[in-house]
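Working notes, beginning with the structure itself.
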Amino acid sequence: MDYTLNCNGQLLRLQTPQVMGILNVTPDSFYADSRQQTEEAIAGRTHQILEEGGTIIDVGACSTRPDSEPVTEAEEMERLRMALPIVKREAPNAVVSVDTFRPNVVRMAVEEYGVDIINDVGTSPNSSPLDMFRMVSRLRVPYIYTSRKSNIKEVMMDCAEVVDTLRSMGQKDIILDPGFGFGKTMEQNYQVLREMERMEALHLPVLVGISRKSMIWKLLGCTPAEALNGTTVLNTLALEKGASILRVHDVREAVECVKIKSIITK
């Protein structure tokens with residue numbers, strides 16, 4: 001899809017799929033190798049994402065792994081206030097997103113640090129989805145909506161309703177995430193991927209965040225640390241199904257998927 005995001009005046013074109021590298025500043029993310037908590041580790045991961053070809057750095061400060069207990073809003077903000085200045089210092093021209101479900105965290109990240117994209121991974125128990133929609137619309141920041149519905153028909157209906165609401169609030173740039181690993185069984189995850197090309201009817205870019213998730217390692221009888229090969233297979237399939245952004249732990253491998261797929265479909 002030839003769609004362009006306005007990221008604080010920097011235009012990010014999605015005609016060629018982009019790779020979003022994950023930078024977790026949490027001690028409990030499901031994939032241990034993604035956890036970066038020291039200044040040196042955060043700086044190193046920032047450079048690694050860019051050097052391996054990533055164009056978006058997605059900073060997360062509150063784990064969303066299944067059965068995890070979210071940290072407080074204050075703790076999430078504290079972690080981001082530690083990490084975001086390092087990312088901005090090391091990569092001042094990079095497109096930076098923040099992975100959160102809290103409107104107040106969104107406001108802090110955008111107003112204090114100029115974050116470019118908000119990656120919304122769910123609903124805060126202390127607010128309604130409308131609170132988040134109002135916040136991103138007021139801040140005029142590109143917004144990724146994650147659906148927790150369990151089949152492609154419901155995902156599309158959910159996304160269409162959310163898009164209508166956001167448009168009525170003046171929101172411009174919207175990216176849709178079918179929500180692999182969110183509110184779905186293993187079988188439902190694969191069924192959504194099988195039919196994901198249907199989301200093209202919504203005429204908006206689609207982000208796929210499938211990297212090393214349990215739908216891969218449980219199926220293959222391995223661990224998250226051993227799930228790179230399965231991730232690469234599914235990222236390639238996601239590109240075939242129309243993904244515009246891949247959110248990944250392993251940036252170089254995802255960039256290679258994009259390059260190979262692009263030359264085949266040139």
Side-chain angles (χ1 to χ4, degrees), residues 3-14 17-26 29 34 36 42-43 45-50 52-64 76-77 79-122 124 132-133 135-147 166 171-182 204-211 243-251 254-255:
Y3 191 98
T4 301
L5 300 177
N6 185 345
C7 303
N8 281 320
Q10 180 178 349
L11 300 182
L12 181 64
R13 193 174 179 188
L14 302 180
Q18 303 297 302
V19 175
M20 171 188 281
I22 298 168
L23 197 167
N24 283 323
V25 289
T26 61
S29 296
S34 72
Q36 315 293 337
I42 292 167
R45 176 60 175 164
T46 298
H47 287 291
Q48 180 187 25
I49 289 170
L50 298 179
E52 293 186 357
T55 51
I56 307 169
I57 301 171
D58 190 46
V59 184
C62 179
S63 176
T64 55
E76 184 179 5
M77 286 185 177
R79 292 175 180 178
L80 287 172
R81 285 190 171 111
M82 181 271 292
L84 288 173
I86 300 169
V87 174
K88 288 290 188 176
R89 181 192 72 208
E90 299 296 321
N93 298 318
V95 175
V96 178
S97 62
V98 161
D99 175 336
T100 187
F101 56 86
R102 292 175 167 130
N104 288 334
V105 173
V106 169
R107 182 176 60 232
M108 180 274 291
V110 174
E111 292 182 347
E112 295 183 20
Y113 300 102
V115 163
D116 302 287
I117 299 172
I118 295 302
N119 182 13
D120 182 5
V121 292
S124 169
M132 178 65 85
F133 300 162
M135 183 63 72
V136 294
S137 299
R138 180 175 70 80
L139 295 169
R140 302 293 189 213
V141 61
Y143 173 67
I144 301 166
Y145 173 72
T146 303
S147 178
L166 287 165
Q171 177 66 16
K172 302 297 184 183
D173 289 325
I174 305 168
I175 305 100
L176 304 175
D177 181 347
F180 295 104
F182 293 96
L204 286 170
V206 172
L207 177 147
V208 168
I210 213 163
S211 181
S244 294
I245 301 174
L246 298 177
R247 179 181 181 273
V248 300
H249 299 94
D250 308 282
V251 173
V255 169

Notebook entry, point to check: What is the minimum heavy-atom distance between Thr146 and Asp120, and which atoms define it?
Noted result: OG1-O, 2.8 Å
Notebook entry, point to check: Under the side chain to side chain donor-acceptor pair (under 3.5 Å) test, which residues partner Arg13, sequence neighbours left out?
Noted result: Asp2, Gln15
Check: When rounded to the nearest 0.5 angstrom, what distance separates CD1 in Ile245 from CE in Met20?
Finding: 5.5 Å
Item checked: Residue list, side chain to side chain donor-acceptor pair (under 3.5 Å) with Glu112, at least two apart or on another chain -> Arg81
Notebook entry, point to check: Measuring from Asp99:CG to Ile144:CD1, what's the distance to the nearest 0.5 Å?
Noted result: 8.5 Å
Check: What residues form a side chain to side chain donor-acceptor pair (under 3.5 Å) with Glu76, not counting sequence neighbours?
Finding: Thr100, Arg102
Checklist line | Residues that Glu90 engages under side chain to side chain contact (heavy atoms under 4.5 Å, CB included), provided they are two or more places apart | finding: Ala43, Thr46, His47, Ile86
Next item on the list: Quick one: list whatever passes side chain to side chain contact (heavy atoms under 4.5 Å, CB included) with Ser147, sequence neighbours left out.
Entry: Tyr145, Lys149, Val155, Asp158, Cys159
Margin query: According to side chain to side chain contact (heavy atoms under 4.5 Å, CB included), who are the partners of Ser244, at least two apart in sequence or on a separate chain?
Written below: Met1, Leu14, Pro205
Checklist line | Minimum heavy-atom distance between Met108 and Tyr113, given as atom pair plus value | finding: SD-CE1, 3.6 Å
Next item on the list: Tell me, please, which residues at least two apart from Thr55 pass side chain to side chain donor-acceptor pair (under 3.5 Å).
Entry: Gln18
Check: If you look at every heavy atom in Leu80 and Pro85, which pair is closest and at what distance?
Finding: O-CD, 3.8 Å
Checklist line | For the student: nearest non-hydrogen atoms of Val59 and Ala83, plus distance | finding: CG1-CB, 4.4 Å
Would you give me the side-chain donor-acceptor pairs under 3.5 Å for residues 173-180, sequence neighbours excluded?
unit_1 : atom_1 : unit_2 : atom_2 : d
Asp173 : OD1    : Tyr3   : OH     : 3.4
Asp173 : OD2    : Asn6   : N      : 2.9
Asp177 : OD1    : Gly179 : N      : 2.8

Check: How close do Ile57 and Ala94 get, heavy atom to heavy atom, and via which atoms?
Finding: CD1-CB, 4.0 Å
Next item on the list: Search all heavy atoms of Gln171 against all heavy atoms of Ser137 and return the closest pair with its distance.
Entry: OE1-CA, 3.3 Å
Notebook entry, point to check: Would you say Val255 and Leu246 make side-chain contact, with heavy atoms under 4.5 Å?
Noted result: no
Next item on the list: Rounded to the nearest 0.5 Å, what's the gap from CG on Leu84 to CE on Met77? Could you check?
Entry: 11.5 Å
Notebook entry, point to check: Residues two or more places apart in sequence or in another chain: which of them pass side chain to side chain contact (heavy atoms under 4.5 Å, CB included) with Val95?
Noted result: Cys7, Gln10, Ile56, Asp116, Ile117
Next item on the list: Run the numbers on Val106 and Val98 for side-chain contact (heavy atoms from CB on, under 4.5 Å), then give the verdict.
Entry: CA-CA 8 Å; Val106 169; Val98 161; over 6 Å; no
Margin query: Before you tell me yes or no, could you show the steps for Asn119 and Arg247 under side-chain contact (heavy atoms from CB on, under 4.5 Å), namely the whole-Å CA-CA distance, both residues' side-chain angles and the distance that decides it to 0.1 Å?
Written below: CA-CA 10 Å; Asn119 182 13; Arg247 179 181 181 273; 3.5 Å; yes
Check: Which residues pass the salt bridge (Lys or Arg N to Asp or Glu O under 4.0 Å) test with Arg107, sequence neighbours left out?
Finding: none
Next item on the list: Applying side-chain contact (heavy atoms from CB on, under 4.5 Å), run through Glu52 and Val248 and close with a yes or a no.
Entry: CA-CA 12 Å; Glu52 293 186 357; Val248 300; over 6 Å; no
Checklist line | Sidechain-backbone polar pair: Arg140 side chain, Lys172 backbone, donor-acceptor under 3.5 Å | finding: no
Next item on the list: Give a yes or no answer on whether the side chain of Thr4 reaches the backbone of Leu11 with a donor-acceptor pair at less than 3.5 Å.
Entry: no
Margin query: One pair to check against side-chain contact (heavy atoms from CB on, under 4.5 Å): Leu139 and Glu111. What are the steps and the verdict?
Written below: CA-CA 8 Å; Leu139 295 169; Glu111 292 182 347; 3.8 Å; yes
Margin query: A side-chain contact here means heavy atoms from C-beta on lying under 4.5 Å apart; do Arg79 and Thr26 qualify?
Written below: yes
